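Worksheet: one structure, shown below.
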Amino acid sequence: MATGIGKGHHLHLIDGSGFIFRAFHALPPLTRKSDGLPVGAVSGFCNMIYKMVEANNGPDAPTHVAVIFDHSGKTFRNDIYPEYKANRPPLPEDLRPQMPLTREATRAFGLACIEQEGFEADDLIATFAVQARDAGARVTIISSDKDLMQLVGGGVEMVDGMKNVRIGPEEVEAKFGVGPDRVVDVQSLAGDSVDNVPGAPGIGIKTAALLINEFGDVETLLERAEEIKQPKRRQTLIDNAEQIRISKRLVTLDQNVPVEVGFEAMEVREPNADDVLGFLAQMEFRTLTNRIAEKLGVEAPTVAAPAGAPSADGAAPAKRDMPPIDPSKYEIVRDKAALETWITAIRERGYVAVDTETTGLDEMIADLVGICLSVEVGQACYVPLRHVEGEGDLLGSSERAAGQMDPAEALALLKPVFEDAAILKILQNAKYDMKIFAREGITLAPIEDTMLMSYAMHGGLHGHGMDALSERYLDHKPIPIKSLIGTGKSQITFDKLKIEDAAPYAAEDADITLRLWHLFKPRLHAAKTTTVYETMERPLVPVLAQMERNGILVDRDHLSRMSNTFAQKMAGLEAEIHELAGRSFNVGSPKQLGEILFDEMGIQGGKKGKTGAYATGADILEELAAQGHDLPARVLDWRQLSKLKSTYTDALQDHINKDTGRVHTSYVISGANTGRLASTDPNLQNIPVRTEEGRRIREAFVAEEGNVLLSLDYSQIELRILAHIAGIDALKQAFHDGLDIHAMTASQVFDVPLDEMTPEVRRKAKAINFGVIYGISAFGLANNLRIPRDEAKAFIDAYFERFPGIKQYMEDTKKFAQEHGHVKTLFGRVIHTPEINAKGPRASFAYRAAINAPIQGSAADIIRRAMVRIPDALRAADNSARMLLQVHDELIFEVREGEAEATAAIVREVMEQAANPAVKLDVPLVVDAGTGLNWAAAH
DNA sequence: GTACTCACG
DNA sequence: GACGTACGTGAGTACG
């Protein structure tokens with residue numbers, strides 16, 4: 001049945017996961033020089049792989065090679081026995097970021113890289129070994145895992161890759177006391193403390209082998225247990241019969257995994273010099289790079305040249321040698337045969353750039369129209385799926401266009417590729433396409449995202465959209481989509497385009513994405529931001545995609561009733577305002593309002609802005625109201641209602657999805673320079689809370705029947721981070737003691753004992769605390785507290801005198817920014833500050849942003865780390881809670897009524913520990929939790 | 001398309 | 001010494 005392998009072939013199956021762990025534990029903790037990324041395991045792994053590849057030319061060379069990895073997550077064994085491998089310590093933090101790199105290394109060496117969800121590497125190895133053996137091929141398993149010894153014999157042999165010793169039937173017998181065919185029987189009796197296989201208590205390998213040699217196998221032994229002479233041993237076997245049977249199922253390898261990779265993909269081929277040397281150079285493995293370059297007869301690339309990092313002024317790096325972009329060269333895939341040719345090419349390459357074309361921008365509504373693929377720079381294809389023909393009259397009678405594949409057939413062919421753990425999918429803004437594919441039943445993984453690579457390297461320097469990146473790094477302006485679908489009212493959807501017109505535009509995006517990826521991959525390392533990208537940007541993509549697809553239930557009637565109430569109140573206010581003004585005008589027009597106030601009513605002190613219009617912001621109107629003017633006071637009320645109505649009670653209703661009845665926001669991972677997320681369409685991160693009237697809008701965000709909303713938020717996270725970064729002992733101590741931090745600050749700065757603290761003094765200290773986070777200035781503080789500027793300055797001076805560490809932090813940060821053109825968060829996120837050395841007020845802005853960025857950014861990093869870990873934590877506890885929203889320091893879940901408390905405990909633990917082990921904070925992180933039937937009640 | 005205003009952390 | 005400012009966002013409205 002197995003194709004692509006047979007007599008005369010020799011298959012090497014390499015236990016990749018085994019290699020990684022042995023390399024990790026055997027080698028000292030090596031880190032990459034330029035940025036400290038741990039690479040010890042990768043280095044050991046590469047050396048071992050290289051040794052294997054070198055042997056591929058030897059006398060006993062394999063014709064086929066595959067490197068097999070464990071897939072993270074549950075396997076079928078956990079269904080049999082939940083405790084399986086439950087005593088394993090979590091993956092060491094130093095090892096985690098190295099995992100994807102080992103896959104990359106495998107592909108770079110030109111080897112098939114295989115893993116599959118739900119199965120361990122051992123099962124895949126067993127399946128491939130048996131298939132190849134039955135087809136008549138010779139099989140060598142390179143591993144030292146004793147669990148694989150059951151496969152030895154009949155044309156399958158094992159080699160311990162590290163010690164370079166052969167493991168044949170004799171060696172197996174020496175270890176287990178039985179031949180390979182009885183290994184599972186011995187293992188199921190003896191158990192395995194490493195994998196937490198229970199076995200029979202008190203029976204080890206020696207006794208097990210004795211029993212099996214006497215009775216033949218486990219089943220016979222259990223049937224005839226009464227015959228055992230030793231009473232204790234007999235009783236143990238009788239008492240634990242079921243446990244032994246379970247153990248047998250655990251240790252028996254699955255030889256019938258529905259594998260997704262054929263033997264064709266494992267054929268030995270010469271590694272591509274660019275791929276392998278490029279990877280090794282990025283890793284900064286000088287010795288190995290030089291050795292392999294010599295072997296391949298090419299010049300070694302320069303290793304670890306930080307000069308390759310982009311300069312702080314954001315100048316575009318030089319374009320690499322690539323063929324020019326030529327949309328006329330792209331192919332249109334219209335039938336199965338053509339698509340299969342592409343799929344073969346993808347499997348051979350191990351990666352593919354993917355882009356989708358859809359009917360709109362809202363990925364919860366838009367339909368998939370076509371798919372673009374590219375594996376080679378300059379070559380790309382468009383697979384049209386749902387184009388329609390004809391203008392599509394008013395009745396929508398447009399018909400399916402000719403010359404495209406049946407969508408179901410095409411997607412069925414692509415699904416195994418898109419879900420193959422051994423094939424990297426490269427996308428620009430992967431979250432969008434992931435959500436589109438999710439609605440087609442396809443889980444896109446693993447992925448790489450050029451938008452996020454750019455964000456990790458160049459956050460603060462420029463935007464990260466495809467057009468901007470293409471123009472900047474490829475010197476190429478992509479075909480504007482508007483040139484095809486038009487704008488405004490006459491705009492059409494993508495499916496209405498003729499396939500021939502759509503294809504060049506569509507395929508170009510995949511080509512561009514692939515080019516960007518080739519350019520960014522080495523630079524990501526040079527910019528020292530690989531860890532940030534791999535731990536805080538890329539893993540967030542599937543998490544956010546799921547949250548966005550979850551959405552939150554919104555009570556339309558509640559909003560509608562509020563809208564009506566607001567409309568009535570506004571009408572009343574409007575009449576009053578016109579009465580006071582002496583004429584009717586548009587209250588919503590700041591320009592008209594300014595003229596009424598300062599020209600017609602003659603109020604003094606009107607200030608004009610740069611456009612010549614009077615400023616009428618809330619602060620100005622408040623001042624006028626305080627002077628006793630009624631009209632501005634009414635306008636303030638009117639504006640509040642107008643804002644609530646238009647932005648929330650009205651607009652939110654339009655965002656309720658017809659199919660789900662829920663509101664699905666979209667998070668922009670690269671939206672904020674500091675690492676914060678941004679929320680759009682609608683923005684659910686600015687739902688009112690500060691006023692009573694506004695807060696009622698939160699009552700419209702509800703839980704489904706039988707569920708509650710659970711909200712958890714970090715308490716004072718930015719001040720805690722400030723205390724840590726600036727090293728302020730008094731603040732740290734206050735957080736350790738659980739004190740009221742603003743009262744404590746007030747007490748220190750204003751010399752007031754805590755028990756004599758007044759709300760007024762505390763308010764001032766609170767304003768200073770926040771001011772510090774924002775890059776304090778006397779002007780800003782004076783504005784905020786409505787006090788004279790010299791008074792504000794006196795406060796700040798007193799504060800700095802009491803906490804000199806804060807002043808020091810601010811000066812150090814400014815100096816660092818001026819020297820490097822960027823600042824960093826505690827977790828290594830780089831935030832560029834290109835204007836820090838500018839002249840004039842721009843530098844002042846940049847200075848305050850530079851003070852704020854490490855604080856806001858570290859807090860953002862922490863919640864990102866928590867969000868990445870939460871789905872696993874919930875899954876491990878079999879908890880069904882759904883994460884719905886993130887509001888910078890708050891996470892909102894929907895959870896079954898009885899499960900709220902358990903969920904809160906799990907999530908709180910993850911959130912409070914989220915900095916660990918990368919950063920050991922000097923202050924505790926504290927998370928507050930609340931539940932309720934709606935968001936107002938839960939918050 | 002830009003400016004202004006205001007909602008959130 | 002003057003500049004003209006609190007940090008980070010998104011969205012709705014008016015207006016040219």
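Owing to the predicted nature of the structure, the values given are computational and were not obtained by experimental measurement. These values consider heavy atoms only, across backbone and side chains, with no hydrogens, waters or symmetry-generated copies. Naming convention: chains lettered A, B, ... in sequence-line order (proteins, then strands); numbering from 1 in each chain.
Atom CD in E693(A) sits roughly 11 Å away from atom P in dA7(B) (whole-Å rounding). In this entry the distance linking CD of E692(A) with P of dA7(B) reads 15 Å, nearest Å. Between the NZ atom of K839(A) and the C1' atom of dA2(C) there is a distance of 15 Å, rounded to whole Å. As a whole-Å value, the separation of L641(A) CG from dC6(B) P is 13 Å. dT5(B) atom P lies 14 Å from atom CG of N586(A), rounded to whole Å. At whole-Å resolution of the value, CE in M562(A) and P in dA7(B) are 13 Å apart. The nearest whole Å value for the distance from the CH2 atom in W638(A) to the P atom in dT5(B) is 13 Å. As a whole-Å value, the separation of I687(A) CD1 from dC6(B) C1' is 13 Å.
Across all strands shown, Q640(A) has heavy atoms under 4.0 Å from sugar-phosphate atoms exclusively, and none from any base. Contacts of A618(A) with the nucleic acid, taken as non-hydrogen atoms under 4.0 Å apart, involve only primed sugar atoms and P, OP1 or OP2. At a threshold of 4.0 angstrom between heavy atoms, the contacts of E718(A) with the nucleic acid are absent. Using a 4.0 Å heavy-atom distance criterion, A860(A) is classed as making no nucleic acid contact.
Remark: the backbone N or O of S642(A) is paired with a side-chain donor or acceptor of S646(A) at under 3.5 angstrom.
For R690(A), no side-chain nitrogen or oxygen approaches OP1 or OP2 of dA7(B) to under 4.0 Å. OP1 and OP2 of dC4(B) both lie 4.0 Å or more from every side-chain N or O belonging to T616(A).
dT5(C) and dT5(B) are spaced 13 Å apart, taking the P atom of each and rounding to whole Å. Across the P atoms, dG4(C) and dC6(B) are found 23 Å apart, a figure rounded to whole Å. Comparing dA6(C) with dC4(B), their P atoms sit 13 Å apart, to the nearest whole Å.
Interatomic distance, NE2 of H664(A) versus CG of N657(A), reported as 4.5 Å (0.5 Å rounding).
Under the ring-ring contact (aromatic ring centres under 6.0 Å, His included) criterion, Y799(A) pairs with F803(A), not counting sequence neighbours.
F800(A) does not carry R802(A) over the face of its six-membered ring by the limits of under 6.0 Å from the centre and within 45° of the normal.
At a cut-off of 3.5 Å, with distance as the only test, a side-chain donor of R639(A) or T616(A) sits close to an acceptor on the other residue. In the model, S560(A) has no side-chain atom that pairs as donor or acceptor with a side-chain atom of Q653(A) under 3.5 Å.
Across all strands shown, dG4(C) remains unpaired; no Watson-Crick or G-U wobble contact has both distances below 3.5 Å. For dT2(B), the paired base is dA14(C) (Watson-Crick or G-U wobble, both distances below 3.5 Å).
With a 6.0 Å radius and a threshold of 12 heavy atoms from other residues, nucleotides or ligands, I365(A) has its CD1 atom above the threshold.
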Side chain to side chain donor-acceptor pair (under 3.5 Å) between Y614(A) and D599(A): does it pass, once the steps are laid out?
CA-CA 10 Å; Y614(A) 289 110; D599(A) 292 342; 2.8 Å; yes
Nucleic acid footprint by protein, nucleotides 5-10 of chain C - heavy-atom cut-off 4.0 Å, B for base, S for sugar-phosphate alone
BBBBSB
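Nearest nucleotide to the H939(A) side chain, out of dA14(C), dT5(B), dG9(B): dG9(B).
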